[in-house]
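Note that the structure is a prediction, hence the values are computed from the model and not measured. Proteins come first, then strands; the chains are lettered A, B, ... in the order of their sequence lines, and each starts at number 1.
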Protein chains: 2
Amino acid sequence: MGSTAQFVILGMLSKEPMTGYDIRKRVKTRMGSFWDINYGQIYPTLRTLEKKGEVTKKVEIMENRPNRKVYSITNKGLNELKKWLLKPAEPESAKIETLLKVAFGEHLSKDEIIKHINEFKARNISRLEDASNIEKEMKAQLKKNEKYFFPLLTFSLGKSLHKAGIEWADTAIELIEKHKNFTKLYENGKNKISKIN
Amino acid sequence: MGSTAQFVILGMLSKEPMTGYDIRKRVKTRMGSFWDINYGQIYPTLRTLEKKGEVTKKVEIMENRPNRKVYSITNKGLNELKKWLLKPAEPESAKIETLLKVAFGEHLSKDEIIKHINEFKARNISRLEDASNIEKEMKAQLKKNEKYFFPLLTFSLGKSLHKAGIEWADTAIELIEKHKNFTKLYENGKNKISKIN
DNA sequence: AATGACATGTAAGAGGTTACATGATTGT
DNA sequence: ACAATCATGTAACCTCTTACATGTCATT
């Protein structure tokens, strides 16, 4: 019932009034490690929330570009948000295609696998850097403004996950390079029945 | 083009012939930390792959239950799989609803947030245990059969991610409990404009 | 006596992505 | 000169989840 997208939007608007464009940008920079949302969800959902009376909009007339529509959360919206916040969270899920390709690595050469892992590592480094930069700015402001307490908590896990990815990449590449019988893996694995599911 | 589901299925069948039911079970136990697939995808996709000549099936007649349909990958299927394996992996994505709720934690009490984090921790402990158990069995067989080399590599990242989650949960709860001005967070955060996106 | 494993499948709907359309302003 | 940012939105499509249907056998 009700996609999570609407609660992400309500949550963002509970912090301050914003446009749909702002919501997308903030979710990307502040929650990029653990959530994503895109315009195709945001704009229709904002209209739905408006119809339900959970947000209101103020239109700022722009010249030569689409009018800014600044949305604010209503009391009704805040109540819906709180109801959702009290429910148990859905189990976390991940999609790591790199691991899928590694798991089927017997069909690839050493170099091909290592290439995948290096690309994975690069993405994790880049995300870790982004997170660290924003974290630094937030920490600087934390003394003056406590509202960064919770975002900082989430950054701390995001960063750890990226670090784990980077460290894994290094050790995985080492193990693959050390591995002697690499090319014979597929042959050895053939036609043998295992008890492990 | 072509959902990832079909390549997961081809990848599983490249290891050994299996039923749709087996595929689901194996993806859950061996790839549960980084991928998921369910029957609603598997059965229709198997038929599609059969039509395309990428898998073949052998029907084992069963009494009093649906006939087992054991699928095998064909050379054509193996080629398609290899083509996909050579393509760069999609960027990884995660959905961690717990962090969403923590990020909006200003609307919750200390205890409510800690409850969410403890449930998150419990899920991670349970998944870490599952992964560790299977890893143990695989390691025992690795000396005899090298086919577990790649699955073991993926378990190593899966386990690290769960460990990172567990450690984060502990430190996050500590920080929240130490936090003095907790209930005033929302008031302080109100109506202030920030430069951080 | 009840649960879980085995084993298949469908239909409907919800959720999410992508490509398209428009176009000035600001920064490098 | 070029890219990115600002700012909206839609339509088509793809993907994915959920609920339903069926029924035995083995284990606790």
Does [X] have a side-chain nitrogen or oxygen under 4.0 Å from the phosphate oxygens OP1 or OP2 of [N]?
| X | N | value |
| --- | --- | --- |
| Lys95(A) | dC16(D) | yes |
| Gln41(B) | dT17(D) | yes |
| Thr19(A) | dT8(D) | yes |
| Lys25(B) | dC6(C) | yes |

Is there a side-chain contact between Ser109(B) and Glu112(B), using heavy atoms and a 4.5 Å cut-off? yes

Do Arg24(B) and Asp36(B) have side chains that approach each other closer than 4.5 Å (heavy atoms only, starting at C-beta)? yes

Rounded to the Å, how far apart are [X] [atom1] and [N] [atom2]?
| X | N | atom1 | atom2 | answer |
| --- | --- | --- | --- | --- |
| Asn38(A) | dT17(C) | CG | P | 5 Å |
| Arg26(A) | dA7(D) | CZ | P | 13 Å |
| Met18(A) | dT8(D) | CE | C1' | 17 Å |
| Gln6(A) | dG15(C) | CD | P | 8 Å |
| Arg68(B) | dG23(D) | CZ | P | 21 Å |
| Arg24(A) | dT5(D) | CZ | C1' | 13 Å |
| Glu60(A) | dC6(D) | CD | P | 14 Å |
| Tyr21(A) | dA24(C) | OH | P | 16 Å |

Measure from the side chain of Tyr39(B), starting at C-beta and using heavy atoms only, and say which of dG15(C), dG9(D), dT8(C) lies closest. dT8(C)

Which nucleotide sits closest to the side chain of Asp36(A): dT17(C), dA7(D), dT10(C)? dT17(C)

With a non-hydrogen cut-off below 4.0 angstrom, is Arg47(B) in contact with a base, only sugar-phosphate, or nothing? sugar-phosphate

Fit a plane to each ring of His179(A) and Phe149(B), take the angle between them on a 0 to 90° scale, and name the class: parallel (under 30°), tilted (30 to 60°) or perpendicular (over 60°). tilted

Roughly how far, to the nearest 0.5 Å, is the CZ atom of Phe104(A) from the NZ atom of Lys82(B)? 14.0 Å

Contact nearer the 5' end of DNA chain C, comparing Tyr71(B) with Trp35(A): Tyr71(B)

Smallest heavy-atom separation, Leu108(B) atom then His116(B) atom, equals CD1-CD2, 4.0 Å

